[in-house]
Amino acid sequence: MTGTDSVVLSIDRIACTGHGLCAELLPELVSLDEWGYPVQHAATVPPGLRGHARRAVRGCPRLALRADSQ
């Protein structure tokens, strides 16, 4: 990944079971709705948050959170 690549965050709502770990690890881009499921605030991850996004992806117990380079 070069400095000009963008990273896009996505949530697989079928795989997600609402643990809420993504919102704890990446509150700048993800919050929880009233049922405890993630709500994504932005698709593109700012460069300064890419490390946090990778950590949130690795921490998702259901592998429902993805960060893809574009």
What closest approach, in Å, do Ala67 and Val7 show between heavy atoms, and which atom pair accounts for it?
CB-CG1, 3.8 Å

Transitive ILVMFWY cluster of Trp35, excluding itself - 4.5 Å side-chain cut-off
Tyr37

Spacing of CZ belonging to Arg50 relative to OG1 belonging to Thr44, to within rounding of 0.5 Å:
9.0 Å

Here the pair of heavy atoms bringing Leu32 nearest to Val39 is C-CG2, 4.4 Å

Partners passing side chain to side chain donor-acceptor pair (under 3.5 Å) against Arg58 (at least two apart in sequence or in another chain)
none

Within residues 13-25 or reaching into it, pairs that qualify as side chain to side chain donor-acceptor pair (under 3.5 Å) - sequence neighbours excluded:
Thr17-His19

Connected hydrophobic set around Leu25, excluding itself, where side chains approach under 4.5 Å
Leu21

Taking side chain to side chain donor-acceptor pair (under 3.5 Å) as the definition, give me every residue that meets it alongside Asp12, ordered by chain and number, with sequence neighbours left out.
none

Restricting to side chain to side chain donor-acceptor pair (under 3.5 Å), what partner residues turn up for Ser31, sequence neighbours left out?
His41

Tell me every residue that passes side-chain contact (heavy atoms from CB on, under 4.5 Å) with Pro27, counting only those two or more places apart in sequence or in another chain.
none

Taken in chain and number order and not counting sequence neighbours, the residues that satisfy side-chain contact (heavy atoms from CB on, under 4.5 Å) with Glu28 are Leu26, Leu49

Contacts satisfying salt bridge (charged side-chain N to carboxylate O under 4.0 Å, His left out) that involve residues 59-70 (not counting sequence neighbours) are Arg66-Asp68

Just jot down the side-chain contact (heavy atoms from CB on, under 4.5 Å) partners of Ala43, sequence neighbours excluded, or say none.
Val8, Gln40

